[in-house]
Protein chains: 2
Amino acid sequence: MAQRGQSDAAGRPPRAPAENAAEITTPMPAIGGNGMPAPGLRDRARAIPEAAVARLAVYLRVLSGMREQAVASVSSEELSAAAGVNSAKLRKDLSYIGSYGTRGVGYEVEVLIDQIERVLGLTREQSVAVVGIGNLGHALANYGGFPGRGFPVTALFDVDPDLMGVPVGGIPVDHIDDIPAVCAAREVTIGVIATPPAAAQAVCDRLVQAGVECILNFAPVVLQVPETVEVRKVDLAVELQILSFHVARRADHAPADDATPAPRVDGVAAPRGVVVRR
Amino acid sequence: MAQRGQSDAAGRPPRAPAENAAEITTPMPAIGGNGMPAPGLRDRARAIPEAAVARLAVYLRVLSGMREQAVASVSSEELSAAAGVNSAKLRKDLSYIGSYGTRGVGYEVEVLIDQIERVLGLTREQSVAVVGIGNLGHALANYGGFPGRGFPVTALFDVDPDLMGVPVGGIPVDHIDDIPAVCAAREVTIGVIATPPAAAQAVCDRLVQAGVECILNFAPVVLQVPETVEVRKVDLAVELQILSFHVARRADHAPADDATPAPRVDGVAAPRGVVVRR
DNA sequence: GCGACTTTGTGCCTACGTTCACAAGCGGCT
DNA sequence: AGCCGCTTGTGAACGTAGGCACAAAGTCGC
Ligand SMILES: NC(=O)c1ccc[n+]([C@@H]2O[C@H](COP(=O)([O-])OP(=O)(O)OC[C@H]3O[C@@H](n4cnc5c(N)ncnc54)[C@H](O)[C@@H]3O)[C@@H](O)[C@H]2O)c1
Ligand SMILES: NC(=O)c1ccc[n+]([C@@H]2O[C@H](COP(=O)([O-])OP(=O)(O)OC[C@H]3O[C@@H](n4cnc5c(N)ncnc54)[C@H](O)[C@@H]3O)[C@@H](O)[C@H]2O)c1
């Protein structure tokens, strides 16, 4: 018979493949400390939906920007516009983490930031290790945006002998054989894989062995991990292909009409965006 | 009263904000669509669902790998395992683009590749421009994975005088003032923004003015664009925060029980292959 | 102190996406 | 030639997410 596809030539033990779509479902937020307005719902499984978590992170970023500008409070309308979402959706997202708004007024920026940080687990710093200090790894190691948001990059790994000990972004590169020791010592909780695709699975295995339970993968491969490990992937080629899909759709969807490729100069188009009245 | 949040200090004209969650949903085939809201009967919507498009890109990558290994055909079971999805989902995804399988046999790798490429619009090369040749921009410009997948990077832009004319990844950097001319000449269809956040919106506006209708944004800001423009964003901080959320959940969810953080060495966990129960 | 106004929080409904399960279709074997 | 087993393609069930619309709840003005 014709030979069939085989996902992996080596007889790798089957483990749960990981896609970003994994269940983020969360049980109750119930740290039960505060007053617990208790609208009458039982405290049973108050799960935060998948998509809501991602948006909370965006709200947090927007709110941080507002705080820097000394903004004290926002309405759901304003915040949603700034975050690019529907205001009802925003309110619902916020309701998942509790009731921290004041009717007729809005939300206090400071309070919202604290609460979102609490839910996202940002009260504790998450130490990050980057593996594969090539083009991308260098950029990541040098990026100041991570430490600034509670994700200090504390360890770098590679196999290239020339890189050993060389500091990148202030941190010396270690050999991947040291992953267990270094990750343990620096309490790494998140591993970032920026190696060539062929090495990604092996690196992933090492990180998992070292106790890292969260992995951000830039290599275009589907990693196999135990189900206790959370993997998110960033695949730029896929992003580009999705954009390409839209180009194609648009091309054969409206071929005749709208031949004017010139979009409104400097925006001004799409006035009915998300609300933004006022 | 306390001042309220204001998404943008400048009186930027409101445009449609863009999130990745945006509608990828392909509008119905409705070429002559203006018939009426088609009450009740759903037209044979040839729409490919949001999520399916992203997965098709993944399937394509896996299939390419198989082709390289001279694999001639695959079953949905095999392909889905390699792509990390449920086999039923895979079949449904493939069904959106047509019926190219053979019952009792599977799919021909070659045929599937051609068809997915067709649907994703990869038959035509999509020229990419990168703006902001800093840490990240360099990595992107040097990355060989894009040209290899039909996305040649043909233009680079920055404002730094020291970078002008300097070739990165074989392409000389141009000034952003040249965006219109260069993008037109090189038929750029996709713009990648890798500038500091503060410059992102202005750069985006320029790209849009130049006729670029697809944008991949790495800056942590919500871009406002006309609705004719498709924006996808890659926000690494958000990815890390989502992972952090999982750490937090796990921590206060199973504190007593299952405290064994030791993951199975080298995998071996999750014995059930893909699919399995549920 | 009270009413009018503003904005939250959420019930409900719709749309979308995922999964199941199985009939239909095809190749190979006898 | 006909049957058998395998795999596709998809209808239907189920679950999740999105969005409207409104009652509840608080503030502000008078
Ligand atoms: N550069 C980009 O812009 C970009 C874009 C999208 C995806 N990616 C993906 O990110 C990954 C890294 O890309 P890059 O451009 O930085 O590649 P690169 O070749 O520049 O760097 C790879 C690094 O990994 C190291 N390495 C190789 N094998 C290793 C191993 N077994 N363990 C640890 N380190 C190892 C190499 O020494 C090198 O330093 C690749 O999988 C690539 O497909 C990169
Ligand atoms: N480096 C990373 O790993 C990383 C990770 C996540 C997000 N990001 C985001 O990606 C973006 C770029 O990050 P980076 O680390 O490469 O920054 P960087 O500072 O290294 O590079 C920014 C580049 O943009 C150029 N630039 C500044 N203003 C510009 C303008 N108006 N038009 C064109 N170019 C302009 C600068 O000259 C510089 O070359 C930032 O928004 C950052 O938040 C980067």
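Order of the sequence lines sets the chain letters (A, B, ...), proteins ahead of strands, with each chain counted from 1.
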**Student:** Where the side chain of A:Ser95 is concerned, which of D:dG26, C:dG9, D:dG9 is the nearest nucleotide?
**Tutor:**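 Nearest to the side chain of A:Ser95 among the choices is C:dG9.
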**Student:** Of the nucleotides D:dC20, C:dA21, D:dT8, which has the atom closest to the B:Ala88 side chain?
**Tutor:**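 Of D:dC20, C:dA21, D:dT8, C:dA21 is nearest to the side chain of B:Ala88.
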**Student:** Calculate the interatomic distance between B:Tyr107 atom OH and D:dC6 atom P; express it in whole Å.
**Tutor:** 18 Å
**Student:** How many Å lie between CG on A:Leu90 and P on C:dT7, as a whole number?
**Tutor:**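 Taking atom P of C:dT7 as the reference, CG of A:Leu90 is at 14 Å.
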**Student:** When the distance from CG of B:Asp93 to P of C:dC16 is rounded to whole Å, what number comes out?
**Tutor:**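 Checked: the CG to P distance equals 16 Å.
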**Student:** What is the distance, to the nearest angstrom, from the CG atom on A:Leu79 to the C1' atom on C:dT6?
**Tutor:**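 Whole-Å distance recorded here is 17 Å.
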**Student:** Look at the side chain of B:Asn86 and decide which nucleotide, out of D:dG9, C:dC20, D:dG18, has an atom nearest to it.
**Tutor:** C:dC20
**Student:** List the steps, then state whether side-chain contact (heavy atoms from CB on, under 4.5 Å) holds for A:Gln201 with A:Val221.
**Tutor:** CA-CA 8 Å; A:Gln201 182 65 57; A:Val221 290; 6.0 Å; no
**Student:** Starting at atom CZ of A:Arg91, determine the distance to atom C1' of C:dT10, rounded to an integer number of angstrom.
**Tutor:**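 Atom-to-atom, A:Arg91 to C:dT10, this comes out as 10 Å.
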**Student:** Measure from the side chain of A:Ala51, starting at C-beta and using heavy atoms only, and say which of D:dG18, C:dG9, C:dA21 lies closest.
**Tutor:**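 That would be D:dG18.
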**Student:** For the residue pair B:Phe151 and A:Gln241, establish whether any side-chain heavy-atom pair is separated by less than 4.5 Å.
**Tutor:**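 Yes. Closest side-chain heavy atoms under 4.5 Å.
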**Student:** Drop me the distance from A:Glu117's CD to A:Leu112's CG, to the nearest 0.5 angstrom.
**Tutor:**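 Atom-to-atom, A:Glu117:CD and A:Leu112:CG are 10.5 Å apart.
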**Student:** Ignoring hydrogens and angles, does a donor from either the side chain of B:Lys92 or the base of C:dT18 sit under 3.5 Å from an acceptor on the other?
**Tutor:**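 Answer no: no donor N or O sits under 3.5 Å from an acceptor.
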**Student:** Can you measure A:Leu94 atom CG to D:dG18 atom P for me and round it to whole angstrom units?
**Tutor:** 14 Å
**Student:** Find the distance A:Tyr100:OH to D:dA25:P and express it as a whole number of Å.
**Tutor:**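 Result: 18 Å.
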**Student:** Suppose we call a contact any N or O donor and acceptor under 3.5 Å apart; does that hold for the side chain of B:Arg103 and the base of D:dT7?
**Tutor:**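 Answer no: no donor N or O sits under 3.5 Å from an acceptor.
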**Student:** Do B:Gln126 and B:Thr189 pair up side chain to side chain, a donor and an acceptor below 3.5 Å, judged on atom types alone?
**Tutor:**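 Yes, because at least one side-chain N or O of B:Gln126 sits under 3.5 Å from a partner of the opposite role on B:Thr189.
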**Student:** Atom CD1 of B:Ile48 to atom C1' of C:dC16: distance rounded to whole Å?
**Tutor:**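 About 15 Å, once rounded to whole Å.
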**Student:** Look at the side-chain N and O atoms of A:Thr102 and state whether any lies under 4.0 Å from the OP1 or OP2 oxygen of D:dG26.
**Tutor:**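 It does not, given that no N or O in the side chain of A:Thr102 lies less than 4.0 Å from OP1 or OP2 of D:dG26.
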**Student:** Of A:Ile97, A:Val53, A:Leu60, which is the lone residue that meets side-chain contact (heavy atoms from CB on, under 4.5 Å) with A:Val119?
**Tutor:** A:Ile97
